[in-house]
Amino acid sequence: MRILIVEDEPRLLELIGRTLRGEGYDVDVAADGSDGYDRARVGGFDLVLLDVMLPRMSGLEITMRLRRLGVRTPILMLTARDAVDDRVAGLEAGADDYLVKPFAFVELSARVRALLRRGGEAGGASLTVGDLVLDRSRREVRRGGRRTELTAREYALLEHLMKNAGRVLTRDQILAAVWPPDFDGGPNVVDTYVHYLREKVDRPPAEPLLRTVRGVGYVLGR
Ligand code: CA
């Protein structure tokens, strides 16, 4: 499970990050609103922990923009103010839950687990990167609204790349995650399948999403 924390207080950011990593989550961080928005928009997260008062873009604005773009990642807002207005505004903007600072870390963990569980029940729903959408409940892939047929292996590869959007993955990492353990071919098969995926979901006029990082591997999203 991958969680994005957007928080501008370094000490709190570090404490939350440490707590969640300690519970086995994969944690990414952003220290201002604009960076947080960019990361959340690229997608690949199971949950976003979002402070309300942030430099460069407020948590409320980030939430509104993401929802307007169709990004449905669960959002847990962290609000310093105990004002009812602030909480209502957060939920109306599209946040799923909120926590008032200062909060106990056990409560944070409980809320995180509840939201992740809810997201899981919604079918793990869909993964979105730009205008590329992978619908897990229907096993369907759409690019710019157009449906594309993928083989089982292409689908698994795309799902893995989308879950890790924005991260550079080596061919060996991809091979280990997507191919069965007894597969006896080499990592070149990854190049072959990335080529198939490009032909199916990443051709012009669509904006290229799948990048080759020379000598390392591949990254989807940026
Ligand atoms: Ca703040």
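All heavy atoms count here, side chains included; hydrogens, waters and symmetry mates do not. Every number for a ligand or one of its atoms is a count from 1 in the order of the listing. Model, not experiment: these values are computed from the prediction.
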> Is D46 salt-bridged to K163, going by a charged N under 4.0 Å from an acidic O?
Replying inline: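 A salt bridge is absent here (no side-chain N lies under 4.0 Å from a carboxylate O).
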> Which residue pairs pass the ring pair (Phe, Tyr, Trp, His ring centres under 6.0 Å) test with at least one member in residues 189-216, sequence neighbours excluded?
Replying inline: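 Qualifying pairs: W179-Y193, Y193-Y196.
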Minimum heavy-atom separation for [X] to [Y], with atom names?
X: D96; Y: T73; result: OD2-O, 4.2 Å
X: M77; Y: G59; result: CE-O, 3.4 Å
X: R21; Y: V29; result: NH2-CG1, 4.5 Å

> Using a distance-only test with no angle check, is there a side-chain donor-acceptor pair under 3.5 angstrom linking R2 and N164?
Replying inline: no
>> Less than 3.0 Å away from the Ca ion (ligand 1), how many protein N/O/S atoms can be counted, ignoring water?
In response: 3
